[in-house]
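Any value given below was found using the heavy atoms of this structure, including those in side chains, with hydrogens, waters and symmetry copies removed. Letters A, B, ... mirror the listed sequences (proteins, then strands); counts begin at 1.
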Amino acid sequence: MTAAPRIPAPADYQALPDAQGRFGPYGGTYVAETLIAPLEALTAAYTRLRDDPAFQQEFADDLKYYVGRPSPIYHAKRLSAKIGGAQILIKREDLNHTGAHKINNTIGQALVARAMGKTRIIAETGAGQHGVATATVCARFGLRCVVYMGAVDIERQKINVYRMKLLGAEVVPVTSGSRTLKDALNEALRDWVTNVADTFYIIGTVAGPHPYPMMVRDFNAVVGREARAQMLERFGRLPDVLTACVGGGSNALGLFHAFLNDRDVRIVGAEAAGEGIATGHHAASLSAGRPGVLHGNRTYVLCDDNGQITETHSISAGLDYPGVGPEHAFLKDTGRAEYVGITDAEALAAFHLLCETEGILPALESSHAVAEAIKLARGMSRDKLVLCNLSGRGDKDVHTIAQREHIEL
Amino acid sequence: MAARFAVLRDAKRTALIPFVTAGDPLPAASVGLLHALVDAGADLIELGMPFSDPMADGPVIQHADERALRQHVGIAAILGWVREFRQDDRATPIVLMGYLNPLEIYGRARFAAEAAAAGVDGVLVVDCPLEEDATLAPLRAAGLARILLVAPTTSAARLARAAAAAEGYLYYVSFAGITGAAQLSAADVAPHVAALHRIAKVPVAVGFGIKGAAGATAVAAFADAVVIGSALVTALAGAVDAAAACRRARAFLRPIRLALDQR
């Protein structure tokens, strides 16, 4: 499914992006002039904090004592035996505080916000996971929190809306456009440009204008660093394949980044193929989109022949986004990573299989990665290792699944 | 465009620049609306190219974009309207204003060639700042003026770069926010525009927050041009046919023109 590489591989994948925030032709700063000054201030602050040992120590402490890191790698033996191929290993990001990888990034950005003297935090959210993770850190740091959420998503994710309110956040419904994640992002950008003096915008994925794709990746890269060390310690070698689900792509880059220069490790991202790529009802920007510009960066986007961004579909609200982080676009075009589509039905089947064989209830987003891990393992011998990022737990999704399977709760 | 601004300067006339979203309120009204705006005193027209995700615009322009997109307004149709307008009006400069993705998908080189041939004078790509200037090289090469935005938050170093790179006119965004949000404060804006005049080779237009005659005349005291967008788009919304849209456009713009001329 992956097109032939169109960009030469760099000597060091981990040296990117460049000072302009570019990953080859992707990334950059495609924003209105009014956002340039706040982005420059953020870049300056983050560049300083990135090399500040005290900042990094505080971040590491929070990841350890508040989030509960490191998360283990679990050998899914019964699932592997059932598949009859490679061994499936699971990086348990679902065991983090708030139940997903999202908290790694929100803690990091809240620390940056505090260092910059900002007192008000805004965020966009689709499924509500990033909103909950943001509301959580705002409660902990004593920061005001406003979360923009599409009116359609608010209806689909009532529990998470209530969780955010319990944590003290204000949830603002967005009624423009398709009333989903992309519109929430537009609205958050508008708030930011209007209230930039006291407001910090915590973007939830590796997209947006520079420095967000780099900064969000850096904060999530702890996942791959841990996983790489855990693999060497417990298995004495690196995995043969990595897989993770890709919406905006933050959990995937979090896992992939530490392995990018390990060229023998195959990397596969699982996008939401929804009802099937051919039906047009999907959210597979890399598999079925084209290079364009959305939300401040050059990347693969889903749009029509007039360049208008199209509405997406996935059973999983967290993958329901018409763009993707620019670093993924770069990894696709260099051939370093492959991106494949997993349908709603495949993700659901994987969800049930993991529940029943391992007693782990994965998020619908993460179920896409599990489905791809199963497909990969099937074609590999028993001595091979597939490492799958289980980005979040599925408690939030039980209503969606019950409804889809016509079960009354 | 330079010729038009030279004439205005000699006549000591402040340029009046209305903004309308192409195809709104009705695609059938588009060409007539442009002529009506000129009739009512427009010296230059900014024509918005609708986009599904106009992140720098407020709700008024976003809703206008949504209405136009429901009527399938795209670049080819917009360039067709400009061509038709040019058959009767060779003098009034047209600036297309929009976002990058539709241009990317249309093809930047193709867009540049066709827009220049249709009689477009300049292009303002909202989400393409100086940092990404190379992206618009084909537009410059085709002779389309690269209109740049500057804002109250733009640093002195960037102002100098913008002043050097700007073509046509410099568009000063009167406050850090989105289109149509607030009423601008002329007293706050004046010193910024004065500073721009000292370094810019092109005229300075002021926009964002000008709702009518009072705001326009206040800005005219220090700016070369005033841009009025959201208030006009609001006035046009809901017009039932082309004649009604043109009537509303004239009724909105004429008093502003008169106030500017009597200043």
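Interface remark: B:Pro54 contributes backbone and side-chain atoms alike to the contact with chain A (heavy atom separation under 4.5 Å). Proximity to chain B is limited to the backbone of A:Asp304, based on heavy atoms less than 4.5 angstrom apart. Proximity to chain B (any heavy atom under 4.5 Å) is shown, for A:Asn195, by neither the backbone nor the side chain. Residue A:Pro291 touches chain B through its backbone alone, counting heavy-atom pairs closer than 4.5 Å. Of the two parts of B:Val126, the backbone and the side chain both hold a non-hydrogen atom closer than 4.5 Å to a non-hydrogen atom of chain A. For A:Val196, no part lies near chain B; criterion is any non-hydrogen pair under 4.5 Å. For B:Leu103, no part lies under 4.5 angstrom from a heavy atom of chain A. For B:Tyr106, no part lies near chain A; criterion is any non-hydrogen pair under 4.5 Å. Both the backbone and the side chain of B:Glu131 come within contact range of chain A, each with at least one heavy atom under 4.5 Å from a heavy atom of that chain.
Here OG of A:Ser176 is found 11.0 Å from CG of B:Asp65. Values are rounded to the nearest 0.5 Å. The CD1 atom of B:Ile178 sits 10.5 Å away from atom CG of A:Asn186, with the distance rounded to the nearest 0.5 Å.
Contacts with chain B were tallied for A:Ile36, A:Leu189, A:Leu35; A:Ile36 has the most, counting heavy-atom pairs under 4.5 Å. The choice from A:Gln20, A:His295, A:Glu187, A:Lys182 that makes the most heavy-atom pairs within less than 4.5 Å of chain B is A:Lys182. Each of B:Ser52, B:Ala151, B:Pro50 has some count of heavy-atom pairs under 4.5 Å with chain A, and the biggest count is that of B:Ser52.
Few gaps surround CD on A:Glu40; more than 12 heavy atoms of other groups in view lie less than 6.0 Å from it.
For B:Pro102 against A:Gln308, the heavy-atom pair with the smallest separation is CG-NE2, 4.2 Å. B:Gln62 and A:Gly177 get closest at one heavy-atom pair: NE2-N, 3.9 Å. In terms of heavy-atom proximity, A:Ile309 sits nearest to B:Asn101 at CD1-ND2, 3.8 Å. Scanning both residues, B:Thr153 and A:Ala37, for their nearest heavy atoms gives O-CB, 3.3 Å.
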* Any chance you could lay out the side chain to side chain contact (heavy atoms under 4.5 Å, CB included) test for A:Tyr30 and B:Thr135, step after step, and finish with the verdict? => CA-CA 10 Å; A:Tyr30 292 93; B:Thr135 306; 3.4 Å; yes
* Full working for salt bridge (Lys or Arg N to Asp or Glu O under 4.0 Å) between B:Glu104 and A:Arg298 -> CA-CA 10 Å; B:Glu104 294 276 336; A:Arg298 182 177 296 279; 2.8 Å; yes
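Judged by distance alone, with hydrogens and angles left aside, the side-chain atoms of A:Arg190 form a donor-acceptor pair with the main-chain N or O of B:Asp57 at under 3.5 Å.
Side-chain contact between B:Asp127 and A:Val31 is absent, with no heavy atoms from C-beta onward closer than 4.5 Å. Contact check for B:Val173 versus A:Glu33: no side-chain heavy atoms found under the 4.5 Å cut-off. Two residues are said to be in side-chain contact when any heavy atoms from C-beta on lie closer than 4.5 Å; A:Asn306 and B:Ile105 fail this criterion.
Under 4.0 Å is where a charged nitrogen must lie from a carboxylate oxygen, and between A:Arg22 and B:Glu132 at least one such pair does.
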